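Each remark here refers to the structure printed beneath this line.
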Amino acid sequence: MKPDYIPHAVERAAQDYWVAHDSFRARERPGAEKFYCLCMFPYPSGRLHMGHVRNYTIGDVIARYQRMRGKNVLQPIGFDAFGLPAENAAIANGVPPAKWTWDNIDYMRRQLKALGFAIDWSRELATCQPAYYKWNQWLFLRMLEKGIAYKKTGVVNWDPADQTVLANEQVIDGRGWRTGALVEKREIPMYYLRITGYAESLLADLEPLTGWPERVRTMQANWIGRSEGVKLAFPYSIDQRDEKLWVFTTRADTLMGTTFVAIAAEHPLATRLAQGKPGLAAFIDECKQGGTTEAELATQEKKGMATGFSVKHPLTGAPLPLWVGNYVLMAYGEGAVMGVPGHDERDFAFALKYRLPIVQVIDVEKKPYDKQQWAEWYAEKTGTCVNSGRYDGLPYGKAVDAIAADLEKKGLGEKQVVFRLRDWGISRQRYWGCPIPLIHCPLCGDVPVPDAQLPVILPEDLVPDGSGNPLAKHAAFLNCKCPKCGGAAQRETDTMDTFVDSSWYFLRYCSNDNAKAMVDERARYWMPVDQYIGGIEHAILHLLYSRFWTKVMRDLGLVGVSEPFSNLLTQGMVLNQIHFRREGARVVYFNPADVEDGVLKSDGKPVEAGGLGTMSKSKNNGVDPQVMVDRYGADTVRCYMMFTAPPEDTLEWSDASIEGSARFLKGLWKQVQDHAAAGPAPALEVAALNSAQKKLRQKTHATLQKVGDDLGRRLKLNTVVAANMELRNAVADFDDASPQGRAVVQEALEALVATLAPITPHICHALWQALGHVEPVIDARWPEPDAAALKADRVTLVVQVNGKLRGRVEVPADAGNDAIAEAALADDNVRKFIAGAAIKKRVVVPGKLVNFVV
RNA sequence: GCCGAAGUGGCGGAAUGGUAGACGCAGGGGACUCAAAAUCCCCCGAGGCAACCCCUCAUGAGAGUUCGAGUCUCUCCUUCGGCACCA
């Protein structure tokens, strides 16, 4: 009897088998070659979206493949459970974030199980569990002891209407997303982690990380942004005292071209000079409007105001006007820049706008200099100094050395290395996060919570209302005793950035049941992660923070590795259309499924098109894969996700072509069942094969070779499916019920089922049994191609004349170059194009082509 | 604005410096069927040719390197990701 393909029954049976046999429980087996396969854990936003399905399918394919290669595989999962959307849901629905989060986790866990991922569920964790975040707090205290964590002020977005701090995402066109109020910048005290202390090693350790995509390493290196330059001082006198204004520059060679100095609006000197100057004070206030993001600062109109105050040139002593400029970033360097309009594009534009002098001090091969129009070469480091007194004629490097030496003699400067990287501010004025374990005592100051009192538990029954942090109004959490003096004190109500939670979860999977320690020796067995898979959007922040955190833990003796992830696959985003409406100052997003022809289906009124964007909760443009799983089954959805685009490319969602994957699996099922219904195939006798049988066998082994390379080395999963579709087509076209014909088909079908098993594990579980195997396909050996079967007697070469295809020629596989050329020249069309001309050159690529240059 | 990618038929994509369009979707034609669905077979980049052969053009635009470029280099355009409080 040949059973029909009923995906849900097949999938249930396979999943029941794996659960009954505890197939994916990972155990430490010293001596066994381990493989830690990890996907970035999901934020429990509600339901899985297509990006999740893509991510976890890629990971699952790799995990199952490595298992078939004989590795001891660990594939865990958990939930990144703290964060802003839970608070937003609470504001919208009046449900505490904890309940919302756990309901979502329960639903998503069911979805993940329905997709059949080979996950060790015993290691599941959620970052909102006290047993997890206790260790955030514990490590934070260790960092505080070592001076890695410290307190300073930082700038936040402040919504004056709701009296609350806003995330960048909640600021839309400079206004609060709920209130529409103009957002202000505000300085508040925060805790920082000194990631800059690790800048050198974070940069240096990128170099040997060859398992990472080059683009991610480049992005990280640029983000860290090491630059060598000179820190130098412009002296000035104020209130009868001599002081120095420090700046950093990578272009000390242009120092003699300085015509002004500009400081950030937040610079302390700006504040001092604004006293008694209402105009300047108003300008500084104006600079405090608008957002805090770098993109916003970099694209805003460059504005400045003279302070009326001067500083002195460090070498000539000449007075230079001091300006406040909104393009000067307090966060980078010293919060002040020397203005060299001759050789810096921004300074040039600023000088033109405010009619400041422009002086040329670098010449490049005597090219003409125009003070009205910026030219690219003005900023080049290839010229020599001019109009620079004793530095005239010096090239870049020597000029910098000479100027730095002269500054140093005067105590006004020295060479310095600075990084673009800034310390990591982790304080969030939010409820749904990990409490920062500090107590503020009126007598003792900031007192760390003693280890014995950890974790500081977050109360889970509060409902935020959008104005401020509910922890700050919750007496039971807020009021406590000072651990030092025993007097009345208050807890810190800020919580940690959720990036803290995700910076070490991969370590906790190794020992998630240990209540006594953050990590234990099991982490030494499993770490580093052999393959990490996640969205390209995490290329910088999450990966950089995880690398930093791992290095801190290494320095505390907690882990044995310096880098957490040996190999990284950055999956492309799954994009979908964005639709929205502006309702007053608020923006409301609509799911593409509810929109047709630019109109919302429910009310027939138009919506605005926001273009393509990554599927996200905040843009409400996710596609629920559950509909597809219900209709086609998990294997079809998995197959389609892998087939439709290479893992690293962006994928624009369309559910139109999933039918092809459904047909493929249906056809494969029928072929295997038809074949199996005729009884066991006889043993293969290679020597007895006819040429058609040899040809199918060659196709089988060519497919094994391609698929093995695509899966093992290239991670091109789309072509794994495509190559297997080709092989299936070849089997379908092969009409030979003879004993050896059936033996060749058996081999082809086994290759198909085994190599597809990582991608479509359920159907392959059933078909592997149908092909006569007792052991499950998850434990089958990955099939390797047979070199002898790959060899053909004769090969077809392409013949080119001057690089253009003019013919084909079939020659014995072992033909020499002269024999190939002779055969190629016998082709009529080839002869036509050579047409008596002299052959200047002959290029033969063995097995591929021959090219005549005439 | 800065940093990093991507751009190939009607669509998703293949081509690992060597035959551009594998594989699939959609579409067209046919078989089966009372009919439909499902399934199976054939065609399917544009132009030239009565037709086959064959020729020309074509991988966002423009240049360059090479016997040979979708692939490498440069410039430009468009789209996407990141820009430190979305995760």
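Everything numeric here is computed off the predicted structure, so don't read it as measured data. Just the heavy atoms: all of them, side chains too, but no hydrogens, waters or symmetry mates, feed the values below.
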So, A/Trp504 versus A/Tyr132, ring centres under 6.0 angstrom or not?
yes
Of A/Ile188 and A/Met219, whose closest RNA chain B nucleotide lies nearer the 5' terminus?
A/Met219
Rounded to whole angstrom, note down the P distance from B/C80 over to B/C74.
24 Å
Side-chain ion pair, A/Asp709 and A/Lys706, N-O less than 4.0 Å:
no
Do A/Arg194 and A/Tyr150 form a cation-pi contact, if we require the NZ or CZ to be under 6.0 Å from the six-membered ring centre and within 45 degrees of the ring's axis?
yes
Using the side-chain heavy atoms of A/Arg663, tell me which of these nucleotides is nearest: B/A26, B/A87, B/C80.
B/A26
Taking syn as any angle within 90 degrees of 0 and anti as the rest, which one fits B/G28?
anti
Confirm from the modelled atom types if A/Asn851 and B/C67 form a donor-acceptor pair under 3.5 Å, side chain to base only.
yes
With distance as the sole criterion, do the side chain of A/Gln429 and the base of B/C85 form a donor-acceptor contact below 3.5 Å?
yes
Write down the distance between CZ (A/Arg217) and C1' (B/G82), rounded to a whole number of angstrom.
19 Å
Mind checking the C1' distance from B/G12 to B/A84? Whole angstroms is fine.
35 Å
Taking only the P atom of each, what is the distance from B/C23 to B/C72 in whole angstrom?
25 Å
Sort out for me which residue in A/Thr293, A/Leu166, A/Thr164 forms a side-chain contact (heavy atoms from CB on, under 4.5 Å) with A/Asn157.
A/Leu166
Between B/G18 and B/U71 - C1' atom distance, rounded Å:
11 Å
Answer yes or no: side-chain N or O of A/Arg430 and base N or O of B/C85 forming a donor-acceptor pair under 3.5 Å.
yes
Counting heavy atoms from C-beta on, name the nucleotide in B/G81, B/C55, B/G18 closest to the side chain of A/Gln800.
B/G18
On RNA chain B, compare the nucleotides closest to A/Pro85 and A/Asn222; which residue's is nearer the 5' end?
A/Asn222
